[in-house]
Structure formats: C-alpha cells, structure tokens
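Residue indices begin at 1 and follow the sequence shown. Treat the numbers as computed from the prediction; the structure is a model and nothing was measured.
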Amino acid sequence: MKLKVVTDINQISIEKWSSFVDKHPKGTFFHTYDFYEAFQSLQNLSSHIIILTDSDLNILALSVFVIFEESGLKSYLSRRAISMGPILSVDDNPELKNKLLSEINIYLKGKVIYFELRNVAAADFSERYSSFGYNVRKHVNIKLNLNVSEQNLFDSFTSSARNKIRRAEQNELIFKELDAETDLSELFDLMSSVYQRIKLPFFSKDDFYSIVKTINSKGKLWIAGVYNKTRLVSSMILTQNKDELYSWYLATSRNPKEVGATDFLVWNILKLAKEKNIGVYNWGGAGYPSTPYGVRDFKSKFSGDTYEDVRLVKVYKPIIYCLGQFYIKYLK
C-alpha cells in the first residue's frame, strides 16, 4: 500500500479525522481537530499534525502535538513539542507506527530540543520506541469509576477529604460552573499566579483566552470554581471526550486547605459529571512513582484506580536539553 504523509490541515477531511479519532478505542480529546484548532498559530505555541493516509486520503495513523516557544533565553533552552496522547494507528498496526515515528523525527528535527509523548499505556510500550531514540519514564495516573451511587462514591473518599468537604459546606463556600466569556479574567489571574508561584510555565493571557473560548465553542470544555464569598479560591479546567472527563488544569489559592475549597471543588465536579452520565473521571496524571508528590497524595484521597503509564522523550539536541533541565532546577 502506498502511504501519503499529510502535515497540512487543508489536505485532510475534518470529517474523516473526527471519525477516525471517535472510533479508535484509544482516541482522546487531545487527538481531535477541536484540540488542534484551539492551539493553532497562537502567540507562543502552535499545533501540528502528522497523518498517514492511503491513496484515497483515508486516515491510517495520526499524531497531534503542540510546539511551545517561550520568549528570550527560555525559548532557546525549552523549545519543545508535546503530544498529550499516544500515536494512533488502525488496529495498532506496528508498521504504521514505525512509519509515523520516522516521519515525526523528520518533521521535528531542527525545530525543537525534544519531543515528549504522554499518556502512553504501559502495555503499548515496545522496543520500537527505543530503536527510534526515545527514553522512557514510568508515570502514574488515577481514574475514578463514576458508575456507582453518589453515596458510595462519597464513602470511598478518605475521612480527610470527607471532613474538608463538610467543612467547606459549613463555611458556605460556593461552587459555580464558570462562564468562558465573563469569568475568564479571574480564572486566568488565579491560574497564572499559581503557576508562577510553583515556577511552571503557563499560557499568556491572550493565548489562554483564545484556547478556552475555542474549545468551549465546541462543547468540549468544563470550567468550574469555588468561591469564598466573592473571591475565586479554587478552579479547574476539564475536557470531555466520549464518556470520560479529563482534569486538565487545577489551581488553588495559597491557603485553601483551611476551608477545604479544593476538596469541595472536586466533589461538586464529580456530582455534576454523574448528573451528565459521565462514566470515568481521569485525573490527568499523578507524577512519577519513584518521586514523592503532594499532588498525587491529594488525588488519591478520592479513591479511584491507580495505574502506571509511560512518558516517552526523544531528545534532538542533548547539550541544550541538559542545559535546559539544569536551568529549570535552578529556577526551582
């Protein structure tokens, strides 16, 4: 079979793309055209595709990733491509995966320092990735089955989580679904301040507004927050694909544990998900298993199934990559 390599969005049918991802058992929101469109040609980042098709432009394999570029010295040290989902191929065909990995290398060489594939199931990892120069790191994630009664779900939480939820209710904290038009300013202020505090990169204001509004217009975005009177103290951005809800970004003010704001936020999101017949809540990652991680400890309070997946990293510029890693550690 003669394969065609497509990197231009104008050469592919959006309908075929959507159908391929929707029917693929491992397809996620991060493989969709909606995700691609939201990150297309922004200030400091841009989305890209590499798709393999047959002669009739039927999709056989696909990868979607975002190239991040920061300003100044950071751009030189951290220019990177991130794929939030594994490469997809028809019937997990190994030859198609090999071809796609080869095309990714050709496309990204010279453009980025490194490429990272995230959320790859441990069972999908094979020696093919090592042969293409990928390094593997085990990663942890947690998923909750929401097909249980509300009471059973609540009872499965740790006593600490349940007590903080009750305390938040007693303190009259307010849960609210946020509006992608009117609530973006305070949402951005909270999230950007938290990421600045923990010294992790976050979107520029213009990029953040554009991403949120674009995905929201597709009906794939959930935004929720908890208020202490009129002040937003905890918030989360989530995406929905099929019957799974994915926790994408979570930010909480400095001292929310005093009132249980984040626990209260999670509980109300889970209840809302059940009301909308969502079957799975995906925490979107819980760190590396060998490294202590407070965020994982927090997420574990809400029960769920913990499992390992892998992150795969292909380094194109080793010296600059090492300098960038040193620079990140220095900042922290």
Side-chain angles (χ1 to χ4, degrees), residues 1 3-7 20-21 24-28 30-31 35 47-53 59-69 77-143 246 282-293 296 305-329:
M1 179 190 301
L3 298 176
K4 180 177 177 63
V5 181
V6 177
T7 60
F20 176 80
V21 174
H24 199 290
K26 297 173 184 175
T28 71
F30 302 106
H31 293 105
F35 174 77
S47 52
H48 301 257
I49 55 165
I50 299 182
I51 296 176
L52 302 181
T53 75
I59 297 177
L60 303 176
L62 173 147
S63 180
V64 182
F65 48 88
V66 175
I67 294 180
F68 294 80
E69 286 194 58
L77 294 175
S78 63
R79 193 169 63 255
R80 60 206 182 275
I82 305 293
S83 176
M84 292 293 292
I87 60 176
L88 302 182
S89 67
V90 172
D91 298 326
D92 282 336
N93 184 293
E95 292 183 3
L96 290 172
K97 287 186 175 181
N98 288 345
K99 174 63 173 174
L100 191 57
L101 286 170
S102 178
E103 292 298 331
I104 289 172
N105 282 349
I106 294 170
Y107 186 86
L108 289 178
K109 188 175 182 179
K111 289 185 174 70
V112 298
I113 298 166
Y114 68 94
F115 172 52
E116 183 172 311
L117 270 168
R118 296 182 178 177
N119 298 313
V120 178
D124 290 341
F125 176 70
S126 69
E127 291 304 315
R128 83 165 51 85
Y129 292 103
S130 298
S131 68
F132 279 95
Y134 285 82
N135 298 312
V136 60
R137 288 196 69 179
K138 292 182 179 179
H139 198 255
V140 176
N141 196 11
I142 303 171
K143 290 186 179 182
Y246 184 97
N282 186 332
W283 265 116
Y288 299 107
S290 59
T291 304
Y293 190 43
R296 178 168 65 246
D305 297 318
T306 300
Y307 63 94
E308 285 189 357
D309 55 25
V310 295
R311 287 188 174 183
L312 302 167
V313 179
K314 165 73 175 178
V315 178
Y316 293 95
K317 299 180 180 180
I319 295 176
I320 299 177
Y321 178 80
C322 290
L323 288 173
Q325 296 301 301
F326 176 80
Y327 180 67
I328 292 171
K329 290 181 180 179

Residue pair [X] / [Y], side-chain heavy-atom distance below 4.5 Å:
X	Y	value
Tyr129	Leu117	yes
Leu60	Asn93	no
Arg118	Ile82	yes
Ile87	Leu96	no
Tyr288	Arg137	yes

*Does Glu308 CD have over 12 foreign heavy atoms under 6.0 Å away?*
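It does: Glu308 CD has more than 12 such atoms within range.
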
*NZ of Lys109: more than 12 outside heavy atoms within 6.0 angstrom?*
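Counting other residues, nucleotides and ligands, NZ of Lys109 stays at 12 neighbours or fewer.
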
Does the [X] side chain pair with the main chain of [Y], one donor and one acceptor, at a distance under 3.5 Å?
X	Y	value
Lys314	Phe132	yes
Asn141	Gly285	yes
Asp309	Asn119	no
His31	Val64	no
Asn282	Gly284	yes

*For Asp92, which residues count as a side-chain hydrogen bond (donor to acceptor under 3.5 Å, both in side chains) partner, sequence neighbours excluded?*
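By the side-chain hydrogen bond (donor to acceptor under 3.5 Å, both in side chains) rule, Asp92 matches Lys26.
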
*asked:* Is there a side chain to side chain contact (heavy atoms under 4.5 Å, CB included) between Val112 and Phe68? Walk through the geometry before answering.
replied: CA-CA 9 Å; Val112 298; Phe68 294 80; over 6 Å; no

*Is the shortest side-chain N to carboxylate O distance from Arg80 to Glu116 below 4.0 Å?*
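Salt bridge between Arg80 and Glu116, a charged N being under 4.0 Å from a carboxylate O: no.
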
*Salt bridge between Glu103 and Lys99, side-chain N to carboxylate O under 4.0 Å?*
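Yes, Glu103 and Lys99 are salt-bridged.
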
*For the side-chain contact (heavy atoms from CB on, under 4.5 Å) test, which of Ile106, Asn98, Leu100 pairs with Ser102?*
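It is Ile106; the other options fail the test.
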
*Of Val315, Val313, Leu101, which meets side-chain contact (heavy atoms from CB on, under 4.5 Å) against Tyr134?*
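The passing option is Leu101.
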
*Would Ile320 and Tyr114 satisfy side chain to side chain contact (heavy atoms under 4.5 Å, CB included), going step by step from the backbone distance to the final call?*
CA-CA 10 Å; Ile320 299 177; Tyr114 68 94; over 6 Å; no

*Check ring-ring contact (aromatic ring centres under 6.0 Å, His included) between Tyr293 and all other residues, then give those that pass, not counting sequence neighbours.*
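Scan of Tyr293 (ring-ring contact (aromatic ring centres under 6.0 Å, His included), adjacent residues dropped) gives none.
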
*Partner set under ring-ring contact (aromatic ring centres under 6.0 Å, His included) for His48, not counting sequence neighbours*: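 Only Phe65, Tyr107 meet the ring-ring contact (aromatic ring centres under 6.0 Å, His included) criterion with His48.
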
_The test is side chain to side chain contact (heavy atoms under 4.5 Å, CB included); show your working for Ile50 and Val5 and say whether it passes._
CA-CA 7 Å; Ile50 299 182; Val5 181; 4.2 Å; yes

*Could you give me the CA-CA distance, side-chain angles and deciding distance for Val66 and Phe35, then say whether side chain to side chain contact (heavy atoms under 4.5 Å, CB included) is met?*
CA-CA 10 Å; Val66 175; Phe35 174 77; 3.8 Å; yes

